[in-house]
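Read the structure below first, then the notes.
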Amino acid sequence: RDDWVLLKQEFWDQDDVLVKTLEALEIAPMGGRNVATVMRMGKRENPQEWTELRTAAAEFDVDLPANLFTLSNLRNPRQ
């Protein structure tokens, strides 16, 4: 897609066997961009079992403090 929305991602093991698939089921505009609002991750060997991710809101270009993702802050987050 020209808007870079991920439609499908396949996950393979070391033996080159397909293990899981992540698929976008619904796409909608949020925060001025198109976003996959419903995504489903499923195991190849057991397709009736899956995990669904739903995005209700998204913000983009948010200002974040420079130290937010340092190792020190990730290990000991300050409120």
Side-chain angles (χ1 to χ4, degrees):
R1 292 175 54 114
D2 61 349
D3 58 7
W4 300 101
V5 174
L6 178 71
L7 298 178
K8 183 176 182 179
Q9 176 72 49
E10 295 177 331
F11 299 88
W12 302 78
D13 68 8
Q14 295 176 17
D15 298 321
D16 208 23
V17 175
L18 181 61
V19 180
K20 294 182 180 183
T21 304
L22 176 70
E23 293 185 82
L25 302 178
E26 294 179 21
I27 298 170
M30 284 187 186
R33 300 180 188 183
N34 287 329
V35 175
T37 56
V38 179
M39 297 184 81
R40 188 175 287 176
M41 173 78 80
K43 293 181 181 178
R44 177 76 170 169
E45 65 185 37
N46 206 354
Q48 66 272 14
E49 292 182 16
W50 41 264
T51 299
E52 193 168 274
L53 303 149
R54 292 183 172 266
T55 303
E59 292 182 43
F60 299 96
D61 303 319
V62 177
D63 287 327
L64 300 173
N67 69 339
L68 184 63
F69 296 108
T70 63
L71 286 176
S72 174
N73 199 41
L74 290 170
R75 289 181 181 136
N76 300 304
R78 294 154 185 77
Q79 301 301 349

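Index from 1, following the sequence. All values below were derived from every heavy atom in this structure, side-chain atoms included, with hydrogens, water molecules and symmetry-related copies excluded. Quick caveat, the model's predicted, so the values are computed rather than measured.
W50 belongs to no multi-residue hydrophobic cluster, having no ILVMFWY side-chain contact under 4.5 Å with any other such residue. The other members of the hydrophobic cluster of L68, by chain and number, are V62, L64, F69, L74 (side-chain heavy atoms under 4.5 Å, ILVMFWY only). M41 belongs to a hydrophobic cluster whose other members, connected by ILVMFWY side-chain contacts under 4.5 Å either directly or through intermediates, are L6, F11, L22, M39, L53. Grouped by direct or indirect side-chain proximity (heavy atoms under 4.5 Å, Ile/Leu/Val/Met/Phe/Trp/Tyr only), V35 sits with M30, F60.
Under the side chain to side chain contact (heavy atoms under 4.5 Å, CB included) criterion, D2 pairs with no residue, sequence neighbours left out. In terms of the side-chain hydrogen bond (donor to acceptor under 3.5 Å, both in side chains) criterion, E45 has no residue partners (sequence neighbours excluded). Every residue was checked against the salt bridge (Lys or Arg N to Asp or Glu O under 4.0 Å) condition with E23, not counting sequence neighbours, and none meets it. Residues passing the side-chain hydrogen bond (donor to acceptor under 3.5 Å, both in side chains) test with R1, sequence neighbours excluded: D3. Looking at residues two or more places apart in sequence or on another chain, you find no salt bridge (Lys or Arg N to Asp or Glu O under 4.0 Å) involving R44.
Applying the salt bridge (charged side-chain N to carboxylate O under 4.0 Å, His left out) test to residues at least two apart or on different chains, the pairs with a partner in residues 49-62 are R33-D61, R40-E52, E52-R54. Counting only residues at least two apart or on different chains, the salt bridge (charged side-chain N to carboxylate O under 4.0 Å, His left out) pairs with a member in residues 5-17 are K8-E10.
The CG atom of N76 lies 8.5 Å from the CG atom of N73; values are rounded to the nearest 0.5 Å.
Within 6.0 Å of the CD atom in Q14, the count of heavy atoms belonging to other residues, nucleotides or ligands does not exceed 12.
Taking both residues in full, the closest heavy atoms of L7 and I27 are given as CD2-CD1, 3.5 Å, listed atom of the first, atom of the second, then distance.
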